[in-house]
Novice: 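Below: one structure in structure tokens.
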Amino acid sequence: MLSWEQTPAETTTKEYTQIAQYDGYGGLCQRAWVEIDLTALTHNIKQLKNILSPQTELMAVVKADAYGHGAITVSQTALQAGASWLGVATIPEGIELREAGIEAPILLLGATHTPEQVKAIAHWHLQPTICTAKQALIFSEVLATLDRYLPVHAKLDTGMSRLGTPWQEATEFVQLIEHLPNLRLASVYSHLATADSPDRTIMLQQQQRFEQAIAQIKTSGVKPSSLHLANSAAALSHPNLHYDLVRVGLATYGLYPALHLQDVVNLKPVMQVKARVTQVKTITVGTGVSYGYQFIADRPTQIAVVGVGYADGIPRNLSNKMQALIRGRFVQQVGAVTMDQLMLDVTDIPDLEVGEVVTLLGKDGKYQITADDWAASLGTISWEIICGFKHRLPRVAVNY
Ligand SMILES: *Cc1c(COP(=O)(O)O)cnc(C)c1O
């Protein structure tokens, strides 16, 4: 029998640990891990494909290491399930996928400017977003020296006030790209600021601006071969926001961008976070728990120490506000969440043993704890919660 300290699992891919090394599949003990349910991921992609017309393509947005899920495996699975594009934020994120042998088109959603970046983009066959005329000229110049051409995507700002040329100047901007010899206009796109709001006013205003810009671009003689506007929320909102491609992040991972969009498709959360009980003890009335004594026992209390903390992705601001699942039952977290460990009040499970599995995020029996539950307690969004699990915990691919 191996001790806790002896068990750094051998990784089978760069980002996923072999399931055989986990409890129930071979017995090696890990203090905490993230399960990525590839069956749920496939299910979500298929559900999303179902609401698209056959001509509309699905881009799986896999930036930030696939929102903490592992970009390579998620990309491979999403492509098999019916996605035909991948979206990343940065050049290194794109290179990681190319080095893994992924050949699907990859759109760089972020801005890039320098000659070195242009060379890397060309070398790795990534497709850049062009946000300004100046950027288009830099790309064209560098590509000419390489004797290369690149498909590029013209970004319009229709009201997000983030990347892109203002929609009123779209025609000049797109015409410039069209006429630069080393750039090929692959799409014109924009991004919505309020697609997750039940009030559709601003979203529809952005769409109207997009439509107006496209109409003027077409009148000027340029016919973009692809248009896209929708993120997850817009993809779930209405088919007339789909255009030729939808860029879906959050929904891919089985989370809904908003409550009012929950009935459109059936999504299953892909990520579960689990950890083990590492010690069980009973404390007396008046005893404080963890740094700062944010919790003081008001009854004889059985405490379980669990091997997961804020450095793993459990937000410290959830201290005393979160629950966990053990043996299919809710238990309350108590005291400050520390860097590598947290404590639970397990008084109601007197025979709890060291080594038992605790579900922090995910399902155990009848009950489930979701990233939305955490986000609601924290006043943030589920996107930020799942992105928090990209650093330390080993990932295990599962198929539930
Ligand atoms: C991140 C991102 C998306 C995906 O957004 P979700 O809300 O997660 O679906 C789509 N488009 C752009 C430009 C993005 O930056």
Side-chain angles (χ1 to χ4, degrees), residues 41 44-45 47-49 51-52 56-69 71 74-75 78 83-91 93-94 97 105-112 126-131 152-165 167 186-197 202-203 206-207 210 226-238 241-262 264-265 267 269-271 370-372 375 380-390:
L41 180 66
N44 297 335
I45 296 280
Q47 285 280 306
L48 292 161
K49 282 288 281 184
I51 60 165
L52 304 179
T56 300
E57 294 192 87
L58 192 148
M59 173 187 291
V61 177
V62 295
K63 61 194 180 192
D65 204 14
Y67 294 35
H69 293 64
V74 164
S75 297
S84 50
W85 278 81
L86 300 169
V88 299
T90 67
I91 295 171
E93 288 176 352
L97 300 180
I106 298 174
L107 173 60
L108 266 176
L109 298 163
T112 44
L126 308 176
Q127 301 194 20
T129 292
I130 304 290
C131 308
V152 302
H153 301 257
K155 181 90 186 263
L156 305 182
D157 179 4
T158 56
M160 174 77 177
S161 302
R162 202 169 66 174
L163 289 178
T165 284
W167 86 96
S187 82
V188 178
Y189 81 102
S190 188
H191 190 51
L192 297 166
T194 66
D196 52 355
S197 167
I202 296 168
M203 178 173 73
Q206 280 197 260
Q207 186 182 23
F210 188 61
S226 170
L227 303 174
H228 46 112
L229 186 61
N231 54 6
S232 294
L236 298 181
S237 287
H238 202 280
L241 293 156
H242 292 172
Y243 296 93
D244 301 299
L245 174 101
V246 294
R247 307 183 304 267
V248 184
L250 191 77
T252 304
Y253 307 107
L255 298 167
Y256 293 94
L259 280 176
H260 71 283
L261 298 172
Q262 282 192 343
V264 184
V265 287
L267 300 175
V270 175
M271 175 187 285
T370 67
D372 290 309
T380 185
I381 53 174
S382 58
W383 287 257
E384 188 182 10
I385 301 295
I386 54 178
C387 284
F389 290 97
K390 61 182 180 289

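Read the numbers this way: they start at 1 and go in the same order the structure lists the ligands and their atoms.
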Novice: Any idea which heavy atoms bring Gln127 and Ala186 closest together, and the distance?
Specialist: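 So the minimum-distance heavy-atom pair works out to OE1-CB, 4.3 Å.
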Novice: Check ligand 1 against Tyr67 and write out every atom of the ligand that is under 4.0 Å from a heavy-atom position of the residue.
Specialist: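 That gives atoms 1 (C), 4 (C), 5 (O), 6 (P), 8 (O) of ligand 1.
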Novice: For Val61, which of Leu109, Leu86, Leu107 qualifies under side chain to side chain contact (heavy atoms under 4.5 Å, CB included)?
Specialist: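 That would be Leu109.
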Novice: Using a 3.5 Å distance criterion without hydrogens, assess whether the side chain of Asp372 forms a donor-acceptor pair with backbone atoms of Ala375.
Specialist: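 It does not hold such a pair.
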Novice: Where is the nearest protein heavy atom to atom 11 (N) of ligand 1: which residue, which atom, and how far?
Specialist: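 It is Arg247 NE, 2.9 Å.
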Novice: With a 4.0 Å cut-off on heavy atoms, is His228 in contact with ligand 1?
Specialist: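 It does not; every heavy atom stays at 4.0 Å or beyond.
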Novice: Which ligand 1 atoms are under 4.0 Å away from a heavy-atom of His191?
Specialist: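 Result: 10 (C), 11 (N), 12 (C), 13 (C), 14 (C).
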Novice: Using a 6.0 Å cut-off, check whether atom CD1 of Ile202 has over 12 heavy atoms from anything other than its own residue.
Specialist: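 Not buried by this count: 12 neighbours or fewer within 6.0 Å.
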Novice: Which protein heavy atom lies closest to atom 9 (O) of ligand 1, and at what distance to 0.1 Å?
Specialist: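 Sorting protein heavy atoms by distance from atom 9 (O) of ligand 1 puts Ser232 OG, 2.5 Å first.
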Novice: What do you reckon, does Leu109 have a nitrogen or oxygen under 3.5 Å from a nitrogen or oxygen of ligand 1?
Specialist: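 N/O-N/O distance under 3.5 Å: no.
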Novice: Short list, please: which atoms of ligand 1 are under 4.0 Å from a heavy atom of Trp383?
Specialist: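 Near Trp383, the atoms of ligand 1 are 6 (P), 7 (O), 8 (O).
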Novice: Is the Tyr189 ring parallel, tilted or perpendicular to the His228 ring (thresholds 30°, 60°)?
Specialist: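 Rings of Tyr189 and His228: parallel, as their planes differ by under 30°.
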Novice: Which of the numbered atoms in ligand 1 are below 4.0 angstrom from a heavy atom of Leu250?
Specialist: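 This gives 6 (P), 8 (O), 9 (O) as the contact atoms.
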Novice: Give a yes or no answer on whether the side chain of Thr165 reaches the backbone of Leu156 with a donor-acceptor pair at less than 3.5 Å.
Specialist: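 Such a contact is absent between Thr165 side chain and Leu156 backbone.
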Novice: Could you check which of Arg162, Met59, Lys63 puts a non-hydrogen atom nearest to atom 14 (C) of ligand 1?
Specialist: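 It is Lys63 that holds the nearest heavy atom.
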Novice: Tell me the closest heavy-atom pair linking His153 and Ser187, and the distance in Å.
Specialist: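 Closest approach of His153 to Ser187: ND1-OG, 2.6 Å.
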